[in-house]
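Accompanying notes for the structure given below.
Since this is a predicted model, take the numbers as computed values, not measurements. Along the sequence shown, the residues carry numbers beginning at 1.
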Amino acid sequence: MPDVDVLRMAANDGRVVITSDKDFGELVFVHAIDCPGVVLIRIALARETDRVAHARSVWPTVLSRLPGSFVTVTASSVRARPIR
């Protein structure tokens, strides 16, 4: 399914998109495709178990910044930018 369709489906269902695809940032900010929120996971840890553990450890912070934000999770930070 094309990314734009994923965003539109999320908007129709009132859901947040969780992805590791940076293209969603362009769709939200450049093309102004509205959705309740996007969480971009950019954790560059070698082992999958470490990436999952880190995402779980910062998840309360991620949730506190949703809805209405584009949240980027890295190994060292959680950043949020308002979508609207």
Is a side-chain donor or acceptor of Asp13 paired with a backbone partner of Arg15 at a separation under 3.5 angstrom?
no

If we ignore hydrogens and angles and just use 3.5 Å, is the side chain of Arg42 paired with the main-chain N or O of Ser20 as donor and acceptor?
yes

Do [X] and [Y] share a hydrophobic cluster (ILVMFWY, side-chain heavy atoms under 4.5 Å, transitive)?
X     : Y     : answer
Val16 : Val38 : no
Ile83 : Val17 : yes
Val58 : Val52 : no
Leu40 : Leu66 : no

For the CG atom of Leu27 and the CZ atom of Arg8, what is their distance to the nearest 0.5 Å?
9.0 Å

Tell me, do [X] and [Y] make a side-chain contact under 4.5 Å, heavy atoms counted?
X     : Y     : result
Met9  : Asp5  : no
Ile33 : Val28 : no
Phe70 : Arg79 : no

Heavy-atom closest contact ([X] atom, [Y] atom, distance):
X     : Y     : value
Val6  : Met1  : CG2-SD, 3.7 Å
His54 : Ile43 : CD2-CD1, 3.5 Å
Ala11 : Pro36 : CA-CD, 3.7 Å

Could you walk me through whether Thr19 and Ile41 pass the side-chain contact (heavy atoms from CB on, under 4.5 Å) check?
CA-CA 6 Å; Thr19 184; Ile41 307 289; over 6 Å; no

Do we see a donor-acceptor contact under 3.5 Å between the side chains of Thr74 and Ser77?
yes

With Val39 as reference, evaluate Leu63, Val62, Thr72, Val78 under the side chain to side chain contact (heavy atoms under 4.5 Å, CB included) test and give the passing residue.
Val62

